[in-house]
J.: 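Structure below; questions to follow.
Proteins come first, then strands; the chains are lettered A, B, ... in the order of their sequence lines, and each starts at number 1. It should be emphasised that the depicted structure is a prediction, and the values quoted were computed from it without experimental measurement.
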Amino acid sequence: MNIKHTIEQTLEKALPAVALAKAGGIGNIELFESKNPAFGDYFTNIGFKSENTDQITESIINPAHKFMCWDKMIDRVEVKAKGFINFFLKEDFLKDFINIILDERETFGSSDVGKGKKILLEFVSANPTGPLNVANGRAAALGDSLTRILNFAGFKAVPEYYIDDSGTQIDTLEKSISLMIKKLKDKGSLRAEGEAISFPENYYKGDYIQNIAQEIIDKNIKDIRTYSLKKIIKDQKSTLDRFGTKFDKWVYESNIRESGKPDEVIKTIKSRNLAYEKDGALWLKTSQFGDEKDRVLVKSNGEYTYLVPDIAYHLNKFDRGYQTLINLWGPDHHGYIPRIKAGISASNYPAENLKIIIVQWVTLLKKNRKLGMSKRQGKFVNLDELISEIGKDVCRYFFLTRKQESHLDFDLDLAKQTSPQNPVYYIQYAYARISSIFKFAVEQGFSLANNTNLKLSCGRHLPMWEASPDADISISRSGDLSHLRTKEEMLLIRKLIHFPEIIETCVLHLEPHHIPFYLQSLAALFHNFYEKQRVVTDDIDLTKARLKLVEAVKIVLSNGLTLLGIEAPEKM
RNA sequence: GCCCCUGUAGCUCAGUAGGAUAGAGCGCCGGUUUCCUAAACCGGUUGUCGCGUGUUCGAAUCACGCCAGGGGCGCCA
């Protein structure tokens with residue numbers, strides 16, 4: 001349940017049509033979360049947007065318009081400064097909201113705004129020429145989390161990975177490995193000496209080249225190209241697996257080429273008169289679609305540029321029934337956006353339904369010096385290494401607390417050094433503490449419904465507290481939440497109600513980073529509450545009420561962490 | 001030269017499509033464990049929101065111009 005929307009909708013119905021008409025173009029009534037308790041739980045600034053502030057204000061606070069759930073939810077409406085209208089929620093309603101969370105459980109925060117719309121997210125899609133690096137990790141964390149969030153919001157979002165397994169970079173890979181094999185053989189396969197060999201500037205270097213070369217020698221492999229590709233792709237997959245990132249589908253560029261779709265693309269574009277020959281090459285009139293200049297589709301040697309199969313791939317996505325396509329790209333590809341969109345438009349497909357999110361680089365700092373990200377020079381930090389150094393959860397959290405367009409400085413030394421201080425543990429610790437409270441409560445004779453035990457190992461789906469055979473200390477479903485009245489309890493509840501709104505913000509802007517910040521402040525309020533008030537005490541009624549409260553907290557923590565792909569441990 | 005992104009506390013970053021007194025974590029200083037996990041809590045510390053104009057009831061947020069950093073401007077992918 002989204003309280004903000006409920007109030008907004010109620011207001012819009014309550015506001016007399018006359019007032020709305022006179023206000024003229026004030027648009028929807030928009031509620032904001034109040035930062036200051038003196039200004040209530042929510043406020044609206046609609047008074048500022050209209051010329052007749054007083055009338056609008058009057059019509060909103062007019063008691064005559066209270067109806068629907070209004071009486072149950074709203075305690076009072078105040079105007080402290082002209083233009084701002086503050087809404088105060090009823091304490092009883094806030095307390096009762098805990099029951100809503102307990103009812104909705106793992107669906108609390110979800111919605112159906114997506115209406116089942118099919119979205120394809122394509123991300124990482126690293127060239128299969130080496131291990132995944134830290135920037136790939138950032139894209140993986142973001143894409144994965146976005147997929148989860150969109151599905152939570154009622155979309156049908158599917159993650160996909162495009163493997164560029166043809167083209168010159170693969171030729172270069174093959175050459176690099178072949179050369180390494182030669183050198184290793186020449187040097188009697190001594191690795192240390194192999195390193196001294198100088199490779200051409202544009203060749204791939206790094207330990208993995210040497211390792212693959214060595215394997216090929218050892219296993220006496222004939223098809224160097226295929227073996228190397230398979231090996232690298234397999235390693236990339238296993239890294240992503242360790243990182244908790246799942247892809248529904250892996251699409252190979254070679255398959256797209258073989259499908260004949262690229263030829264169709266050329267045919268269509270030609271037939272629509274959007275291409276022309278110049279200098280022996282075929283050019284697409286991308287400038288007609290807003291690009292700065294035209295681009296080559298077919299090189300003078302008859303080969304396609306990589307634009308052609310890429311256009312074909314995107315048309316293929318549409319053909320598979322996806323209405324919206326989301327791609328996560330690195331900043332080095334931003335100049336490519338007009339090109340691919342032009343290609344899609346030229347093929348008579350809806351380019352406006354392709355949304356490209358540019359995920360900025362991760363700059364690695366080591367000993368205060370910036371490390372390059374160059375794959376060719378082998379001077380990058382592997383995602384795999386990073387996961388080993390600081391752990392999957394810290395790593396994901398680190399990436400997911402930043403907006404995608406912010407340049408990210410990653411100080412590896414600092415990350416290692418401060419990882420025990422990482423806020424992700426703070427959040428997980430809150431979750432573990434609640435689990436611990438439950439365990440203690442059971443030891444004290446409180447019981448749980450539908451379960452013989454707490455399911456400590458897989459406790460994502462918490463049992464509901466309910467009546468036990470011993471009626472005196474059981475927690476009934478209708479447990480009396482009116483016993484919650486301390487400042488700390490109310491602050492917790494007021495934080496809990498905003499979770500659905502946070503999710504909505506994430507969906508609207510395609511930005512997961514609001515979730516970690518929210519969870520952090522929720523955890524802070526919980527820890528604060530925990531230090532000041534005991535949950536399990538001799539006061540049975542109060543204990544029952546507080547168990548429900550912390551269970552609601554646990555549900556929200558769990559739902560939030562799940563959307564981030566971060567574990568919620570029962571014990572730490 | 002042109003295009004994209006960024007510039008907020010000592011450091012790393014939030015700031016919900018302009019809202020009421022700028023936030024968090026880390027760091028630093030000082031406190032808190034007979035009781036559900038001290039990976040915690042409490043108190044203290046830090047800002048010309050890069051700079052300048054403008055827009056309006058109101059600007060960290062919008063517009064324009066500078067400055068600084070990152071990335072991109074191939075018949076590479």
J.: The side chain of A:Pro423 is closest to which nucleotide in this list: B:rC73, B:rA39, B:rG25?
T.: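 Comparing B:rC73, B:rA39, B:rG25 against the side chain of A:Pro423, the answer is B:rG25.
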J.: Assign A:Leu408 to base, sugar-phosphate, or nothing according to its heavy-atom contacts below 4.0 angstrom with the strands shown.
T.: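 Sugar-phosphate contact only - A:Leu408 comes under 4.0 Å of backbone atoms but never of a base.
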J.: Taking N and O atoms by type only, does the side chain of A:His407 place a donor or acceptor under 3.5 Å from a partner on the base of B:rG69?
T.: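 Side chain to base: pair found, below 3.5 Å.
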J.: B:rU16: syn or anti, with syn meaning chi within 90° of zero?
T.: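 Nucleotide B:rU16 adopts anti.
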J.: Syn or anti for B:rA17, please, going by whether the chi angle lies within 90° of 0.
T.: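 Glycosidic conformation of B:rA17: syn.
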J.: Look at the side chain of A:Ala281 and decide which nucleotide, out of B:rG70, B:rC75, B:rU6, has an atom nearest to it.
T.: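 Looking only at side-chain atoms, A:Ala281 lies closest to B:rC75.
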J.: Counting heavy atoms from C-beta on, name the nucleotide in B:rC75, B:rC26, B:rC36 closest to the side chain of A:Gln421.
T.: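 Selected nucleotide: B:rC26.
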J.: Contact class for A:Asn301 vs. all strands (heavy atom < 4.0 Å): base, sugar-phosphate, or nothing?
T.: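 Nothing: the residue A:Asn301, judged by heavy atoms under 4.0 Å, touches no strand.
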J.: Could you check how far CD1 of A:Ile515 sits from C1' of B:rU16, rounded to whole Å?
T.: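 So the CD1-C1' distance, A:Ile515 to B:rU16, works out to 13 Å.
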J.: Any donor-acceptor pair under 3.5 Å linking the side-chain atoms of A:Tyr204 with those of A:Glu174?
T.: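 Per modelled atom types, A:Glu174 and A:Tyr204 side chains form no pair under 3.5 Å.
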J.: Give a yes/no on whether any side-chain N or O of A:His334 is located under 4.0 angstrom from OP1 or OP2 of B:rC73.
T.: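 For B:rC73, neither OP1 nor OP2 has a side-chain N or O of A:His334 closer than 4.0 Å.
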J.: If we take the P atom in both B:rC36 and B:rG15, what is their distance in whole Å?
T.: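 Nearest-Å result for B:rC36 against B:rG15 at atom P: 38 Å.
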J.: Using atom P of each nucleotide, how far apart are B:rA68 and B:rA59 to the nearest Å?
T.: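 That atom pair is separated by 28 Å.
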J.: With heavy atoms under 4.0 Å as the rule, sort A:Gln428 into base, sugar-phosphate or nothing.
T.: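 No contact at all - A:Gln428 keeps every heavy atom at 4.0 Å or more from the nucleic acid.
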J.: When the nearest nucleotide of RNA chain B is assigned to A:Pro331 and to A:Gly280 on a heavy-atom basis, which residue is associated with the more 5' position?
T.: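 This one resolves to A:Pro331.
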J.: In whole angstrom, give the distance that lies between atom CZ of A:Arg402 and atom P of B:rA24.
T.: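 About 17 Å, once rounded to whole Å.
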J.: A:Lys554 pairs by side chain to side chain contact (heavy atoms under 4.5 Å, CB included) with which of A:Leu549, A:Ile437, A:Ile434, A:Asn559?
T.: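 Exactly one pass, corresponding to A:Ile434.
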J.: Using a strict 4.0 Å threshold on nitrogen-to-oxygen distance, state whether A:Arg225 and A:Asp171 make a salt bridge.
T.: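 Judged by the 4.0 Å cut-off on N to carboxylate O distance, A:Arg225 and A:Asp171 do form a salt bridge.
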J.: Flag this pair as yes if the NZ/CZ of A:Arg76 is under 6.0 angstrom from the six-membered ring centre of A:Phe88 and inside a 45 degree cone about the axis; otherwise no.
T.: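 Yes, cation above the ring, under 6.0 Å and within 45°.
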J.: Taking 4.0 Å as the cut-off, does a side-chain nitrogen or oxygen of A:Arg339 come that near to OP1 or OP2 on B:rC73?
T.: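 Checking A:Arg339 against B:rC73: no side-chain N or O falls below 4.0 Å of OP1 or OP2.
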J.: Is RNA chain B part of any stem, that is, at least 3 consecutive Watson-Crick or G-U pairs with both distances under 3.5 Å, and where?
T.: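 If one scans RNA chain B for consecutive Watson-Crick or G-U pairs, the stems found are B:1-7 with B:67-73, B:10-13 with B:23-26, B:27-32 with B:40-45, B:50-54 with B:62-66.
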J.: B:rA77 C1' sits how many Å from A:Gln169 CD, rounded?
T.: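 Rounded to the whole Å, the gap is 5 Å.
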J.: Taking the minimum atom-to-atom distance to the side chain of A:Asp409, which one of B:rC75, B:rA20, B:rC13 wins?
T.: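 It is B:rC13.
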J.: The side chain of A:Val296 lies closest to which of these nucleotides: B:rC4, B:rG27, B:rC75?
T.: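 Selected nucleotide (nearest to the side chain): B:rC75.
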J.: Under 5.5 Å between ring centres and under 30° between planes: does that hold for A:Trp361 against the base of B:rG71?
T.: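 Stacking is absent between B:rG71 and A:Trp361, given that the ring centres and planes do not meet under 5.5 Å and under 30°.
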J.: Considering the options A:His513, A:Glu511, A:Gln404, which one meets the side chain to side chain contact (heavy atoms under 4.5 Å, CB included) requirement together with A:Leu142?
T.: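 For A:Leu142, the side chain to side chain contact (heavy atoms under 4.5 Å, CB included) test succeeds with only one of A:His513, A:Glu511, A:Gln404, which is A:Gln404.
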J.: Is a donor-acceptor pair below 3.5 Å formed from side chain A:Ser300 to base B:rC75, judging by atom type as modelled?
T.: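 Checked by distance alone, the answer is yes.
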J.: Between B:rC41, B:rA77, B:rC36, spot the one nearest the side chain of A:Asn528, thanks.
T.: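 Nearest to the side chain of A:Asn528 among the choices is B:rC41.
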J.: Taking the minimum atom-to-atom distance to the side chain of A:Asp332, which one of B:rG72, B:rU16, B:rG25 wins?
T.: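 Nearest nucleotide to the side chain: B:rG72.
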J.: Looking only at side-chain N and O atoms, does A:Lys403 come under 4.0 Å of OP1 or OP2 in B:rU16?
T.: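 No.
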J.: Among side-chain atoms of A:Thr486 and A:Gln533, is any donor-acceptor pair under 3.5 angstrom?
T.: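 Short answer, yes.
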J.: May I ask you to say what A:Tyr530 touches in the nucleic acid, namely base, sugar-phosphate or nothing, with a heavy-atom cut-off under 4.0 Å?
T.: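 Base, at least one base heavy atom under 4.0 Å.
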J.: With side chains defined as the heavy atoms from C-beta onward, is the minimum distance between A:Asn2 and A:Ser111 less than 4.5 Å?
T.: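 A side-chain contact is absent here, since even the closest heavy-atom pair is not under 4.5 Å.
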J.: For A:Tyr426 and B:rG25, do the ring centres fall under 5.5 Å apart while the planes stay under 30° apart?
T.: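 Stacking is absent between B:rG25 and A:Tyr426, given that the ring centres and planes do not meet under 5.5 Å and under 30°.
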J.: What residue among A:Arg396, A:Gln428, A:Lys392 forms side chain to side chain donor-acceptor pair (under 3.5 Å) with A:Glu567?
T.: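 Going through A:Arg396, A:Gln428, A:Lys392 one by one, the side chain to side chain donor-acceptor pair (under 3.5 Å) with A:Glu567 is satisfied by A:Lys392 alone.
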J.: May I ask you to evaluate whether A:Ser406 reaches the phosphate of B:rA14, defined as a side-chain N or O under 4.0 Å from OP1 or OP2?
T.: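 Result: yes.
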J.: If I take atom CG in residue A:Asn127 and atom C1' in nucleotide B:rC76, what distance separates them, rounded to the nearest angstrom?
T.: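 Rounded to whole Å, this separation is 10 Å.
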J.: Atom NZ of A:Lys175 to atom P of B:rC76: distance rounded to whole Å?
T.: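 Checked: the NZ to P distance equals 13 Å.
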J.: Passes salt bridge (charged side-chain N to carboxylate O under 4.0 Å, His left out), A:Glu122 versus A:Lys317? Steps please.
T.: CA-CA 10 Å; A:Glu122 185 214 322; A:Lys317 292 179 184 176; 2.7 Å; yes
J.: Expressed in angstrom and rounded to an integer, what is the separation of A:Lys80 atom NZ from B:rA20 atom C1'?
T.: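 It works out to 11 Å between those atoms.
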J.: What's the closest nucleotide to the side chain of A:Asn86 if the choices are B:rA20, B:rC36, B:rG15?
T.: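 Out of B:rA20, B:rC36, B:rG15, the nucleotide with an atom closest to A:Asn86's side chain is B:rA20.
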J.: Expressed in angstrom and rounded to an integer, what is the separation of A:Leu400 atom CG from B:rG25 atom C1'?
T.: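 Rounded to the whole Å, the gap is 16 Å.
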J.: Side chain of A:Lys293 only, heavy atoms from C-beta on: which candidate in B:rG74, B:rA20, B:rC75 is closest?
T.: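 Out of B:rG74, B:rA20, B:rC75, the nucleotide with an atom closest to A:Lys293's side chain is B:rG74.
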J.: Does B:rU16 have OP1 or OP2 under 4.0 Å away from a side-chain N or O of A:Lys35?
T.: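 Result: no.
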J.: By nearest atom, which of the nucleotides B:rC36, B:rC26, B:rG19 is closest to the A:Arg534 side chain?
T.: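 It is B:rC36.
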J.: Going by atom types only, do A:Tyr336 and A:Asp291 share a side-chain donor-acceptor pair under 3.5 Å?
T.: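 Looking only at side-chain atoms, A:Asp291 and A:Tyr336 do not form any donor-acceptor pair under 3.5 Å.
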J.: Quickly work out the A:Ile170 CD1 to B:rC76 P distance and round it to whole Å.
T.: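 Whole-Å distance recorded here is 16 Å.
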